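Every number for a ligand or one of its atoms is a count from 1 in the order of the listing. Because the structure is a prediction, the values reported are computed rather than measured. Residue numbers count from 1 along this sequence.
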Amino acid sequence: MTHTTQQLIVGLHERSYPIDIGPELLHRTPLFQQLPQQLLLVTNATVDALYGDRVRQALQHHTVVTHCIADSEQAKGIDTYAAVLDTLIQHSFNRDCAVLALGGGVVGDLAGFVAATYQRGVAFYQIPTTLLAQVDSSVGGKTAINHPGGKNLIGAFYQPRAVLIDTTCLASLPQRDYVCGLAEIIKYGIIADRDFFTWLEQQAPALMARDPQALQTAIQRSCAIKAAIVAADEREQSTRALLNLGHTFGHAIEAEFSPRWKHGEAVAAGIMIAATLMMQQGRLAAEEQQRIEQLLQQFQLPTRAPEMSFERWQTLMQRDKKVQAGTVRFVVPTAIGHAQLEPWSDWQAIRQAIVSMSCANPMTR
Ligand SMILES: NC(=O)c1ccc[n+]([C@@H]2O[C@H](COP(=O)([O-])OP(=O)(O)OC[C@H]3O[C@@H](n4cnc5c(N)ncnc54)[C@H](O)[C@@H]3O)[C@@H](O)[C@H]2O)c1
Ligand SMILES: [Zn+2]
């Protein structure tokens, strides 16, 4: 295995930070030498059993307290948030400490919000271990917890000081979680990079085999696209919304069918609805829509949404943060490599796209 580490920078002036990507970084990253003495490692029991000791070993000259949260989306809530703060306070952590998130998006979002709010903000480091977290949630500074009234309702934009992506961690990831990350990777190709999409088509078998070299390239290009979008629009005033391709539909599926449907699976079906909507409007070539469908299929992702009444779709979509005064704003792909955010009030067209892309048993295809 090669030991090449690639570094990207998220350019946010005085808050700029590096993303290091490479195999076996947990063993050998120079980042660990630069950390403050007092460290809180937030993780869950699954990830702790796999990688916790490796990180603590690499940090043996530091004072490390580990806080394990439950392994579920439910852990991303107010009670767990309060419990992590209790740990910081009980161990007299001061403002010079740092919070390290070791895990998937659940751990990263929660630990980031803890770091953003403890003593008005302490240093935060992301060590993402799922593919979704490595290409998406660990980059860009969105931190949040859920409220019974909705997902991610409480949060802050709070950038990490660094993101450490150890690609070796992906070897232990369950297949469903792995392909969920691939859905977000396809998203980057569709919204921003046609050549990357073509490369993904060529590398699909290698990526499904978790070939380390192909994976490192896919992660590096995904993070580069996300970093550029975040640098241009940190607080989602404009272009950052493009990262939500397929998500308005996907969130509706998740709201109704989670945990049976995982985020990446719902996004995959959502991307197909968005592409089909554009194709039916004559604004996306049929061959492009088919290429998107074929790539999702190669990655064993669902390309059809589960059946739901249109009234239910409407209700769920209108809860989405991107809805203003009854008009939905969708990210629509107009070509592979190009998407835009558009207000949309033609619900009949949406209905048609949803109906064409729904079936009774989409997960079995
Ligand atoms: N902040 C953002 O910008 C952003 C973006 C997208 C998603 N998210 C959030 O991310 C969360 C989903 O993240 P996720 O998909 O990473 O899910 P997750 O954190 O629940 O992780 C998925 C599963 O994989 C396990 N796991 C993690 N790393 C592993 C490894 N290397 N080997 C074996 N198992 C491992 C976890 O314990 C868990 O069971 C959601 O809460 C979502 O809202 C945030
Ligand atoms: Zn997503």
Side-chain angles (χ1 to χ4, degrees), residues 10 26 42-52 54-55 68-77 80 101-113 116 124 126-146 150-160 163 165-188 191 210 215 222-223 226-227 229-230 234-236 240-251 253-255 258-259 261-271 321 331:
V10 183
L26 293 184
V42 182
T43 185
N44 69 28
T46 311
V47 179
D48 193 40
L50 290 162
Y51 305 109
R54 211 168 293 177
V55 173
C68 276
I69 65 167
D71 186 356
S72 93
E73 177 72 28
Q74 272 67 53
K76 220 178 94 175
T80 313
L102 175 71
V106 168
V107 165
D109 279 14
L110 174 97
F113 188 57
F124 176 47
Q126 287 269 21
I127 312 174
T129 60
T130 63
L131 185 57
L132 182 134
Q134 294 189 345
V135 298
D136 195 352
S137 63
S138 69
V139 174
K142 278 194 184 177
T143 73
I145 55 173
N146 304 326
K151 211 169 128 66
N152 297 331
L153 283 185
I154 306 159
F157 283 98
Y158 194 68
Q159 300 293 343
V163 182
I165 299 179
D166 185 336
T167 52
T168 318
C169 294
L170 297 174
S172 56
L173 200 62
Q175 182 69 359
R176 265 184 89 185
D177 290 300
Y178 179 72
V179 301
C180 279
L182 293 174
E184 304 284 3
I185 292 177
I186 293 180
K187 174 191 81 179
Y188 291 119
I191 62 173
R210 305 192 195 190
L215 254 176
S222 298
C223 286
K226 179 143 187 190
I229 290 175
V230 168
E234 185 184 8
R235 289 181 168 252
E236 201 167 315
R240 186 165 178 168
L242 296 181
L243 296 170
N244 293 318
L245 172 70
H247 281 60
T248 304
F249 301 110
H251 287 152
I253 298 172
E254 267 188 291
S258 172
W261 278 66
K262 286 180 178 273
H263 177 74
E265 294 163 345
V267 166
I271 289 174
K321 292 193 212 68
V331 181

Is the shortest side-chain heavy-atom distance between Leu243 and Ile229 below 4.5 Å? yes
Those atoms of ligand 1 less than 4.0 Å from some heavy atom in Glu73: 40 (C), 41 (O)
When you check the side-chain N and O atoms of Tyr51 and Thr43, is any donor under 3.5 Å from an acceptor? no
Quick one: which ligand 1 atoms are inside 4.0 Å of a heavy atom on Leu50? 32 (N), 33 (C)
Between Glu184 and ligand 1, find which residue part has any heavy-atom pair under 4.0 Å and reply side chain, backbone, both or neither. neither
Shortest protein heavy-atom distance from atom 33 (C) of ligand 1, along with the residue and atom involved: Ser172 O, 3.1 Å
Out of Ser137, Ala75, Ser72, Ala45, the nearest non-hydrogen contact to atom 2 (C) of ligand 1 is supplied by Ser137
Shortest non-hydrogen separation from Leu215 to Tyr178 and the atoms involved: CD2-OH, 3.6 Å
Are the side chain of Asp71 and the backbone of Thr46 linked by a donor-acceptor contact shorter than 3.5 Å? no
Are any of the N or O atoms of His263 closer than 3.5 Å to those of ligand 1? no
Nearest heavy-atom neighbours spanning Gly181 and Val135: O-CG2, 4.1 Å
Do the side chains of Asp166 and Arg54 get close enough for a salt bridge, i.e. N-O under 4.0 angstrom? no
Protein contact of atom 27 (C) of ligand 1 - nearest heavy atom, named by residue and atom, plus distance: Thr130 CG2, 3.2 Å
Ranked by distance from atom 35 (C) of ligand 1, the top protein heavy atom is Leu173 CD1, 3.6 Å
Nearest heavy atom to atom 31 (N) of ligand 1: which of Cys169, Gly105, Cys180, Gly181 does it belong to? Cys169
Tell me whether Arg240 has any N or O atom under 3.5 angstrom from an N or O of ligand 1. no
Identify the closest protein heavy atom to atom 18 (P) of ligand 1: which residue and atom is it, and at what distance? Val106 CG2, 4.0 Å
Restricting to N, O or S atoms, which atom of Glu184 is closest to the Zn ion (ligand 2)? OE2
For atom 9 (C) of ligand 1, closest protein heavy-atom neighbour: Asp109 OD2, 3.4 Å
Heavy-atom distances under 4.0 Å are what count here, so tell me which part of Thr129 touches ligand 1: side chain, backbone, both or neither. both
Strictly under 2.8 Å, is any N, O or S atom of Asp136 next to the Zn ion (ligand 2)? no
My understanding is that only one of Asp109, Leu153, Leu110 makes a side-chain contact (heavy atoms from CB on, under 4.5 Å) with Ile145; could you say which? Leu110
Walk me through whether Phe124 and Val42 qualify under side chain to side chain contact (heavy atoms under 4.5 Å, CB included). CA-CA 11 Å; Phe124 176 47; Val42 182; over 6 Å; no
NE2 (His247) to the Zn ion (ligand 2) to NE2 (His263): angle, nearest 10 degrees? 100°
Side chain Lys226, main chain Val139, donor-acceptor under 3.5 Å: yes
Within 4.0 Å of some non-hydrogen atom of Asn152, the atoms of ligand 1 are 43 (O)
Under 4.0 Å, heavy-atom basis, I'd like to know which part of Pro174 is in contact with ligand 1: side chain, backbone, both or neither. side chain
I need the contact type for Thr143 against ligand 1. Using non-hydrogen atoms and a strict under-4.0 Å cut-off, is it side chain, backbone, both or neither? neither
Closest to atom 7 (C) of ligand 1 among Ile69, Asp71, Leu132 (heavy-atom distance): Leu132
Where ligand 1 meets Asn44 - atom numbers and elements under 4.0 angstrom, heavy-atom basis: 36 (C), 37 (O)
Give the numbers and elements of all ligand 1 atoms closer than 4.0 Å to a heavy atom of Asp177. 22 (C), 23 (C), 24 (O)
For ligand 1, which atoms have a heavy atom of Gly104 less than 4.0 angstrom away? 16 (O), 19 (O)
How far apart are the closest heavy atoms of Glu234 and Phe157, and which atoms are they? O-CE2, 3.3 Å
Thr130 versus Asp177, side-chain donor and acceptor atoms under 3.5 Å: no
Would you say atom 25 (C) of ligand 1 has a protein heavy atom nearer than 4.0 Å? no
Record the part of Thr46 in heavy-atom contact with ligand 1 below 4.0 Å; permitted values are side chain, backbone, both and neither. side chain
Subset of ligand 1 atoms that lie under 4.0 Å from at least one heavy atom of Lys151: 40 (C), 41 (O), 42 (C), 43 (O)
Contact partition for Lys262 relative to ligand 1, non-hydrogen atoms under 4.0 Å: neither
